[in-house]
Amino acid sequence: MKQGFKLIGMALISASLLACASYPTVNEDPAKNNQATFQKDALDCAKDYPEAGGGVHVKQRIACMNLKGWH
């Protein structure tokens, strides 16, 4: 039983690290590829997709950023 919790915990940590590593940081439009635009778009996506259980919101926010041209 203890081993199962350990395995689930390791899987969750790995998934969250992988999700963070793939968060888009470069915009395809050079005029929008700056820190101010990134922060504005990231806040917009965070507002549209509030934190949810299981980390689903991270995937939704990444998809939102991709739609705004961030890759």
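Computed from a prediction, not measured in an experiment: that's the story for all the values here. Numbers here simply count residues along the sequence, with the first being 1.
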For residues 30-39, which side-chain N or O atoms pair as donor and acceptor with protein atoms under 3.5 Å away, sequence neighbours left out?
residue, atom, partner, partner atom, Å
N33, OD1, N27, N, 3.3
N34, OD1, A36, N, 3.3
N34, OD1, T37, N, 2.8
N34, OD1, T37, OG1, 2.9
N34, ND2, A31, O, 3.3
N34, ND2, T37, OG1, 3.4

- Looking only at heavy atoms, what is the nearest atom pair of M65 and C45, with distance?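 Taking M65 first and C45 second, the nearest heavy atoms are N-SG, 3.7 Å.
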
- Message: Test of understanding: with side chain to side chain contact (heavy atoms under 4.5 Å, CB included), list the residues that count as partners of Q60, not counting sequence neighbours.
- Response: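 With sequence neighbours excluded, Q60 shows a side chain to side chain contact (heavy atoms under 4.5 Å, CB included) to Y49, V56, H57, given in chain and number order.
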
- Nearest-0.5 Å distance that lies between atom CG in D48 and atom CG in L43: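 D48 CG to L43 CG: 11.0 Å, rounded to 0.5 Å.
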
